[in-house]
Protein chains: 2
Amino acid sequence: MDDASGLASMAALIGEPARAAMLTELLSGRALTATELATRAGVSAATASVHLARLVSGRLLSVEAQGRHRYFRLRDRSVARSLETLASLVPPPLVKEPLDDLRYARTCYDHLAGWLGVAVRDSLVKTRVLLPEGAEHRLTAKGEDRLRTLGVDVDRAAGSRRSFARACLDWSERRPHLAGALGEALLATCLGKRWLVRRDGERAVDVTTAGRRALAGQLGLELPR
Amino acid sequence: MDDASGLASMAALIGEPARAAMLTELLSGRALTATELATRAGVSAATASVHLARLVSGRLLSVEAQGRHRYFRLRDRSVARSLETLASLVPPPLVKEPLDDLRYARTCYDHLAGWLGVAVRDSLVKTRVLLPEGAEHRLTAKGEDRLRTLGVDVDRAAGSRRSFARACLDWSERRPHLAGALGEALLATCLGKRWLVRRDGERAVDVTTAGRRALAGQLGLELPR
DNA sequence: TGAATGCTTCGTTCGGGAACGAAGCGTCGC
DNA sequence: GCGACGCTTCGTTCCCGAACGAAGCATTCA
């Protein structure tokens, strides 16, 4: 017996529809209660409870008890990465899906994804702020200035031991967006300046009017809506 | 409905034990026939047939008909990567597994994995042939010479558009081994010089006496066996 | 040509696991 | 304190999908 059983059990854990729905919800990077997850997954509280227990014991989720609530979140970054990687394997639909809110702009654990995430990365590459290098990016000197002006904490991102500016395949666009420490810093900036705002407990994010202006001015993005 | 259903179906596809076993076998990077896969997965030919059909239509495998045989292989590199990523999520066993042949040295699609794969990467980092940079590595000038002397086709690897020298988490060692174009080139060299030999249709690889000598001399590796 | 091999399709059986309601336990508010 | 709420455990039902043998269709040998 080799690792096949390990792979099988892990994939099966993720592969049950209700559990996959919960994991997907948690990809927003936030912590949600058992009841919230039950509702979103469309199952009873009882059912959700056993699913969540299995996800925790399978080390995909961590729990934190707070009063009578229990908050679940993805155990760590690597879980989020694996889920995204897995989702990117899904064959693209034959007919093109309309650009709903989720596909337009969403968080992917700690960075920006969706049409907007891809567009931002494209712009950064096009303006030579970032140079693609395989699955990574190198930050140019000019780019460093640009990002600093935007208010991105470049030093903290560069100092982190994790991957700096990873290209992460977007499941809806099937083109890369920006992940890694820099991806996180960039999202943090956009949220901090309220160019983007998270929807309550959803993965989708909204672009504010200020954000629309900033993205157009600073990154040359033509937002389709 | 968002991507949860896509994620669920993909994970469920991988998560069935017989299918996971087949995928794991194919992680060797080779093509195997339906009957071979049936045997290794421990199911009847009939059962294997339907599993394989589903894996193909799920775009995880590709088929090539040759006479009355049908050869299956992983569809592409990204499938192998996703599988490895997923396997690395499996919680480590509480008691340490003995170092069987598969854990000792095996191929992971197109590069070297297992205890040996990790040891090789460690050595390359320790001798500053490679400098870790997040999930990537940079090749030093000195390292370039060293690898060239070993017979590694560094130019081809550097010219490739894929990731150059990615750190890939080893599922058995839980520490990184070397993947990417350079990982592939390195394995190719070791196989070409017959330092390592593949077992027939297995993922495990054997170290030859010449290989043992070369690895000790060139990389300073103390092989435990 | 006929027999053996490799693989798929069909029809059926069967078991694991996901689902729910009810009941139980702890926590919070009135 | 009591009731409402959040969550889990228990017991039961039920269904999906994996399994197999048998039959059928190719391909390759003799």
Side-chain angles (χ1 to χ4, degrees), chain A residues 1 4-26 30-73 200-201, chain B residues 1 4-26 30-73 200-201:
Chain A
M1 202 63 47
S5 55
L7 177 65
S9 57
M10 183 50 68
L13 188 60
I14 300 172
E16 201 282 326
R19 287 195 293 263
M22 295 175 178
L23 290 169
T24 304
E25 289 295 334
L26 292 170
R30 301 189 145 176
L32 296 174
T33 68
T35 343
E36 277 174 323
L37 288 166
T39 314
R40 284 154 198 268
V43 292
S44 73
T47 305
S49 183
V50 347
H51 282 318
L52 289 168
R54 294 186 62 177
L55 289 170
V56 169
S57 85
R59 317 200 104 214
L60 291 180
L61 300 186
S62 61
V63 218
E64 203 178 334
Q66 225 171 83
R68 54 183 169 183
H69 298 279
R70 297 188 75 204
Y71 283 91
F72 295 85
R73 64 173 73 240
D200 262 359
Chain B
M1 201 65 46
S5 56
L7 176 65
S9 58
M10 182 50 69
L13 188 59
I14 300 171
E16 200 283 326
R19 287 197 290 265
M22 295 176 176
L23 291 170
T24 303
E25 289 295 333
L26 292 170
R30 301 188 145 177
L32 297 173
T33 67
T35 338
E36 279 174 322
L37 287 167
T39 313
R40 285 154 196 268
V43 292
S44 75
T47 304
S49 184
V50 347
H51 282 317
L52 289 167
R54 295 187 61 177
L55 288 170
V56 169
S57 85
R59 315 200 107 213
L60 291 180
L61 301 185
S62 61
V63 218
E64 201 177 334
Q66 226 171 83
R68 56 182 164 182
H69 297 278
R70 299 188 75 203
Y71 283 90
F72 295 85
R73 63 172 74 239
D200 262 0

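Throughout, protein chains are lettered first and strands after them, A, B, ... in sequence-line order, and every chain is numbered starting at 1.
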Non-neighbouring partners of B:Ala38 that pass side chain to side chain contact (heavy atoms under 4.5 Å, CB included), sequence neighbours left out
B:Ala48
Given protein heavy atoms under 4.0 Å, the one-letter contact record of nucleotides 13-30 of chain D, with B base, S sugar-phosphate only and - none, is simply -----SSBBB----BS--
Round to the nearest Å and state the distance from A:Leu37 atom CG to D:dT8 atom P.
11 Å
Can you tell me if A:Ser49 uses its side chain to pair, donor with acceptor, with the backbone of A:Ala45 under 3.5 Å?
no
With nearest nucleotide decided by heavy atoms, which residue, A:His69 or A:Ala53, maps closer to the 5′ end of DNA chain D?
A:His69
Dot-bracket for DNA chain C: what is it, with Watson-Crick or G-U pairs under 3.5 Å, [ ] where a pair crosses earlier ones, and | for a pair to another strand?
||||||||||||||||||||||||||||||
By side chain to side chain contact (heavy atoms under 4.5 Å, CB included), A:Thr47 pairs with (sequence neighbours left out) A:Val43, A:Ser44, A:His51
Expressed as a whole number of angstroms, how long is the span from A:Glu36:CD to D:dC5:P?
16 Å
First locate atom CG of A:Leu26, then atom CG of A:Leu37, and finally report the distance between them rounded to the nearest 0.5 Å.
5.0 Å
Kindly write out the residues that satisfy salt bridge (Lys or Arg N to Asp or Glu O under 4.0 Å) with B:Arg40, not counting sequence neighbours, or none if the list is empty.
B:Glu25
Reported CZ-to-OG1 distance for the pair A:Arg70 and A:Thr33, which is rounded to 0.5 angstrom
11.5 Å
Can you confirm whether B:Val63 sits close enough to B:Leu52 that some side-chain heavy atom of one is under 4.5 Å from a side-chain heavy atom of the other?
no
What is the separation between atom CZ on A:Arg70 and atom P on C:dC25, rounded to the nearest whole Å?
17 Å
note: A:Ile14, atom CD1; C:dA18, atom C1'; distance rounded to Å ~ 18 Å
Show every salt bridge (charged side-chain N to carboxylate O under 4.0 Å, His left out) that has at least one partner inside residues 43-61 of chain A, sequence neighbours left out.
none
